[in-house]
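A short worksheet on the structure shown next.
Throughout, a chain's letter reflects where its sequence line sits, starting with A, and its residues are numbered from 1.
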Amino acid sequence: MERKVRVRFAPSPTGPLHIGGVRTALYNYLFAKQNNGDFLLRIEDTDRTRFVEGAEEYIIESFKWLGIKFDEGVGIGGEYGPYKQSERKDLYKDYAMKLIENGNAYYAFDTAEELDKIRKEFEQNKKNFQYDCNTRQSLRNSLTLSKQETEDLLKNGSHYVIRFLFPKDTTIEFDDMIRGHISMESNLLDDKVLYKSDGMPTYHLANIVDDHLMKISHVIRGEEWLPSCPLHVCLYKAFGWQDSMPQFAHLPLLLKPDGKGKLSKRDGDRLGFPVFPLQWTDPKTKEVSSGYRESGYLPEAVINMLALLGWNDGTEQEIFTLDELIEKFSIERISKHGAKFDLEKAKWFNHQYLQHIPSKDLATLFLEELKQRDSEIDFDSSKIDLQSITAIVDLVKERCSFEKDLWEQSYFFFTRPKTYEEKAVKKRWKEGMTERMSDIFSKLNAIEDNSWAEKAEEFLMDYIQKNELNMGQVMNCIRLAVVGDTKGPNMVDIMRLLGKNEILKRIKTAINNIHL
RNA sequence: GCCCUGUUCGUCUAGUUGGUUAGGACGCAAGAUUUUCAUUCUUGAAAUCAGGAGUUCAAAUCUCCUACAGGGUACCA
């Protein structure tokens with residue numbers, strides 16, 4: 001019988017969730033859903049010194065925003081709980097003891113200070129210290145101490161850790177779903193601490209115990225775990241769980257857009273893009289880091305962008321819904337090398353998704369923003385209704401990558417020009433234009449109010465032809481008068497939306513204020 | 001230092017059984033459209049496939065070496 005697919009995302013609550021972590025979670029999610037499997041959230045809080053207030057809530061909130069749902073875990077529950085490692089504390093000791101009993105682990109009494117000292121000495125001699133097959137015989141542990149000495153030390157409450165005892169002269173091998181066959185020599189590996197002196201397990205122990213107990217079938221995690229994977233493989237063997245050992249897949253890292261190295265928190269602030277899904281305020285320093293949500297990204301766009309950063313389906317398709325991703329995703333098609341984050345491409349993705357939002361929905365959001373901008377608006381904002389805003393949004397939407405761009409693209413509907421763009425004036429408002437515009441003004445004024453914009457357009461076409469002018473000469477000046485610059489959507493559309501009175505008022509103001 | 005993993009246009013990548021004018025997307029440039037700006041459309045520039053050696057009639061694809069990059073090397077995850 002095929003094993004049920006069960007995967008987990010297991011962050012530690014040490015701060016906001018890095019976007020690379022979000023991608024790892026996404027790939028886990030896609031894989032689980034594709035295989036009708038379970039996706040669980042486990043919080044790995046075994047390092048109490050690094051615990052950050054609010055981080056766990058932040059993680060849950062992030063996935064909620066992204067629309068990635070967990071089947072089990074912290075905040076949801078499930079039959080394999082608790083899903084927070086600090087709440088499973090007692091469990092790990094028993095498993096560590098098992099390894100001591102079967103000879104795969106040993107007590108070590110060296111203090112952190114002692115080891116630091118040895119490390120420094122080694123460094124001075126340009127050597128690297130490792131607690132391994134070469135050094136463990138000369139350190140203070142249950143391998144070198146007599147049985148009695150060890151028992152006494154344990155009894156009198158001496159601090160100790162439990163270390164994994166790597167077998168000598170063996171080659172550890174395993175298969176990675178992305179990287180293929182990987183092997184490492186056991187003699188090169190150090191005896192990692194499994195159980196810390198504070199009574200907490202390390203990641204290595206907790207991760208294996210929990211994955212086994214939670215029946216995890218596939219471990220999909222970042223490349224930074226690849227070097228310790230041989231240890232994990234050995235642990236499965238040491239526990240006698242090799243038959244149910246999960247399959248491993250180590251994901252490539254997300255790198256900085258410029259230079260080299262792993263994408264870090266600082267890069268976001270430095271280069272102007274978010275590294276976190278949600279905005280985060282550090283509880284201690286009060287430092288604020290920007291988030292995708294607050295920067296105006298659509299969750300669907302973030303997911304699509306992230307999915308394609310290191311994976312593709314082999315076709316030229318780039319826009320995928322979550323359901324399509326679930327259908328088409330495959331671990332084998334994940335690239336092996338790290339990917340640099342590309343801000344421009346991220347914007348492009350958001351633009352694509354923004355266009356699919358109905359104008360009315362965007363208008364509803366925009367209406368809220370307009371309320372905030374009340375002081376900038378030259379009209380009675382209470383009279384601005386959803387219908388007219390929808391018409392405006394319709395007109396400018398395709399120019400926007402973000403909802404927040406709407407204002408920049410349509411502010412002239414709400415505010416009259418205070419100044420006129422110098423370059424545009426120079427280029428368009430030539431000699432004699434003031435007189436010409438005065439003439440046009442009175443003609444436009446004479447046109448009846450009913451369907452004014454359409455009739456005004458007719459008149460202007462006619463006027464241009466009769467006076468042997470070209471379109472640009474006249475329309476650009478009207479645009480300059482109405483918008484304050486030679487930009488924006490179709491002039492007649494603007495005239496229709498703004499109406500006769502407003503347009504004429506602006507033309508009059510321009511005639512009075514633009515001087516050559 | 002040692003160990004592991006990588007390396008195709010500026011960026012993300014296609015290429016999976018060796019034979020392609022090395023394809024696409026973002027960005028960039030030009031043109032078209034637009035009365036303008038943007039959008040959109042078309043076209044273009046852009047990778048001697050990190051370098052070298054080998055296997056082969058034939059190598060981006062297989063092997064080895066080198067370089068570079070990233071990761072790991074904690075009682076952190």
Side-chain angles (χ1 to χ4, degrees), chain A residues 10-14 44-47 49-50 108 110-112 115-116 119 122-123 126-131 159-163 176 178-179 182-185 188-190 192-204 206-207 221-230 250 252-253 255 257-258 260-262 305 308-319 332-333 335-349 351 355 396-400 405 409 424 427-428 460 464 469-480 483 485-492:
Chain A
S12 38
T14 55
E44 312 224 324
D45 55 348
T46 51
D47 186 354
T49 62
R50 295 210 310 159
D110 324 84
T111 64
L115 292 175
D116 270 350
R119 264 194 200 97
F122 268 67
E123 248 171 66
K126 298 209 166 168
K127 278 182 180 169
N128 189 46
F129 172 75
Q130 252 192 196
Y131 210 116
H159 279 246
Y160 68 90
V161 300
I162 295 174
R163 286 182 182 272
D176 184 280
I178 296 170
R179 289 154 210 286
I182 288 167
S183 67
M184 247 182 270
E185 295 306 315
L188 265 12
L189 272 5
D190 66 331
K192 281 269 180 297
V193 171
L194 301 176
Y195 192 81
K196 302 185 273 189
S197 60
D198 66 355
M200 276 292 207
T202 60
Y203 169 84
H204 304 295
N207 146 294
R221 75 234 293 195
E223 195 186 357
E224 67 268 29
W225 294 111
L226 197 50
S228 51
C229 201
H250 290 93
L253 264 19
L255 310 170
D258 67 333
K260 314 283 183 180
K262 186 157 75 155
M305 178 227 10
L308 271 283
L309 215 50
W311 173 86
N312 69 81
D313 74 338
T315 72
E316 280 165 11
Q317 184 177 351
E318 293 204 278
I319 301 294
E332 292 73 20
R333 290 200 59 89
S335 53
K336 295 179 174 72
H337 53 270
K340 285 184 189 168
F341 180 88
D342 185 352
L343 177 62
E344 291 305 322
K345 192 85 186 234
K347 283 185 190 162
W348 178 82
F349 272 114
H351 182 265
Q355 304 315 311
V396 302
K397 183 165 79 169
E398 66 179 12
R399 299 161 172 264
C400 302
D405 295 341
Q409 295 300 333
K427 193 173 172 191
R428 305 294 183 186
L460 286 166
I464 287 161
L469 297 163
N470 60 41
M471 289 277 270
Q473 281 174 285
V474 175
M475 294 307 251
N476 277 313
C477 286
I478 297 177
R479 180 180 293 280
L480 193 54
V483 176
D485 199 349
T486 52
K487 65 178 189 187
N490 184 280
M491 199 54 228
V492 177

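A distance of 4.0 Å separates CZ of A:Arg221 from NE2 of A:His250, quoted to the nearest 0.5 Å.
For the P atoms, the distance linking B:A45 with B:C64 amounts to 38 Å, nearest Å. Taking atom P on both nucleotides, B:A22 is separated from B:U55 by 25 Å, rounded to a whole Å. Distance noted for atom C1' between B:U8 and B:C68: 16 Å (whole Å). For the P atoms, the distance linking B:A30 with B:A38 amounts to 11 Å, nearest Å. Nucleotides B:A67 and B:A50 have their C1' atoms positioned 8 Å apart, rounded to a whole Å. When the P atom is used for both B:C9 and B:A47, the distance is 9 Å, rounded to whole Å. Using atom C1' as the reference point in both B:G27 and B:G10, the two lie 8 Å apart (nearest Å). Atom P of B:G18 sits at a distance of 9 Å from the matching atom of B:C62, rounded to the whole Å.
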All N/O contacts under 3.5 Å from nucleotides 26-31 of chain B to the protein, with atom names and distances to one decimal?
{"unit_1": "B:C26", "atom_1": "O2'", "unit_2": "A:Lys345", "atom_2": "N", "d": "3.4"}

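Taking side-chain N and O atoms only, A:Asn312 has no distance below 4.0 Å to OP1 or OP2 of B:U13.
Nearest-nucleotide positions on RNA chain B place A:Ile178 closer to the 5' end than the other of A:Leu309 and A:Ile178. Projected onto RNA chain B by closest heavy-atom contact, A:Gly488 and A:Phe341 fall at different nucleotides, the more 5' of which corresponds to A:Phe341.
For B:A74, there is no paired base (Watson-Crick or G-U wobble, both distances below 3.5 Å). With a cut-off of 3.5 Å on both Watson-Crick or G-U wobble distances, the partner of B:C49 is given as none. Judged by Watson-Crick or G-U wobble contacts below 3.5 Å, the nucleotide B:U55 has no partner. B:A60 is unpaired under the criterion used here, namely a Watson-Crick or G-U wobble arrangement in which both key atom distances are under 3.5 Å. Nucleotide B:A29 forms a Watson-Crick or G-U wobble pair with B:U43, both donor-acceptor distances falling under 3.5 Å. Under the Watson-Crick and G-U wobble criteria, each requiring two contacts below 3.5 Å, nucleotide B:G6 is paired to B:C68.
Side-chain atoms of A:Arg399 and base atoms of B:U39 include no donor and acceptor less than 3.5 Å apart.
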**Message:** Could you go through A:Leu226 and A:Arg179, starting from their C-alpha distance and side-chain angles, then the distance that decides it, and tell me whether this counts as side-chain contact (heavy atoms from CB on, under 4.5 Å)?
**Reply:** CA-CA 10 Å; A:Leu226 197 50; A:Arg179 289 154 210 286; 3.6 Å; yes

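Distance from the side chain of A:Glu398 is smallest to B:A38 among B:A38, B:U5, B:G6. Residue A:Ser335 places its side chain closer to B:U13 than to any other of B:C4, B:U13, B:U36.
Pairing each heavy atom of A:Met305 with each of A:Phe349, the nearest pair is CB-CD1, 3.7 Å. What you find for A:Pro252 and A:Gly338 is that their closest heavy atoms are CB-N, 3.8 Å.
Between A:Lys127 atom NZ and B:G1 atom C1' there is a gap of 12 Å when expressed in whole angstrom units. Rounded to an integer number of Å, the gap from CD1 of A:Ile319 to C1' of B:C12 is 13 Å. Atom CG in A:Asp313 sits about 10 Å away from atom P in B:G15, given to the nearest Å. As a whole-Å value, the separation of A:Trp311 CH2 from B:A25 P is 18 Å. Atom NE2 of A:His351 is separated from atom P of B:A25 by 17 Å (rounded to the nearest Å). B:G6 atom P lies 15 Å from atom CG of A:Leu255, rounded to whole Å. Rounding to whole angstrom units, NZ of residue A:Lys347 and C1' of B:U39 are separated by 16 Å. If you take CD of A:Glu316 and C1' of B:G23, they are 6 Å apart, rounded to a whole angstrom.
Counting heavy atoms from C-beta on, the side chains of A:Leu343 and A:Pro257 never come closer than 4.5 Å. With contacts defined as side-chain heavy-atom distances shorter than 4.5 Å, the pair A:Leu309/A:Lys345 does not qualify.
Among the protein residues, A:Ile182 comes within range of the sugar-phosphate backbone only, with heavy atoms under 4.0 Å from sugar or phosphate atoms but none that close to a base. Contacts of A:Pro489 with the nucleic acid, taken as non-hydrogen atoms under 4.0 Å apart, include base atoms. Heavy atoms of A:Lys336 sit under 4.0 angstrom from primed sugar atoms or phosphate atoms, though from no base atom. Among the protein residues, A:Gly222 comes within range of no part of the nucleic acid, since none of its heavy atoms lies under 4.0 Å from any strand. The residue A:Met491 sits close to a base: some heavy atom pair falls under 4.0 Å. Using a 4.0 Å heavy-atom distance criterion, A:Asn490 is classed as a base contact.
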**Asked** Can you give one letter per nucleotide of nucleotides 71-77 of chain B, going 5' to 3': B for a protein heavy atom under 4.0 Å from the base, S for sugar-phosphate only, - for none?
**Response** BSSSBBB

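A donor-acceptor contact shorter than 3.5 Å links the side chain of A:Gln130 to the backbone of A:Leu188.
With sequence neighbours left out, the salt bridge (Lys or Arg N to Asp or Glu O under 4.0 Å) criterion links A:Lys336 to no other residue. With sequence neighbours excluded, no residue forms a salt bridge (Lys or Arg N to Asp or Glu O under 4.0 Å) with A:Asp342. The side chain to side chain contact (heavy atoms under 4.5 Å, CB included) search around A:Ala10 returns A:Arg8, A:Arg42, A:Glu44, not counting sequence neighbours. Not counting sequence neighbours, the partners of A:Pro489 by the side chain to side chain contact (heavy atoms under 4.5 Å, CB included) test are A:Leu395, A:Val396, A:Arg399, A:Phe412, A:Ile494.
Using bins of under 30°, 30° to 60° and over 60° for the plane-to-plane angle, the ring pair A:Trp225/A:His204 lands in the perpendicular bin.
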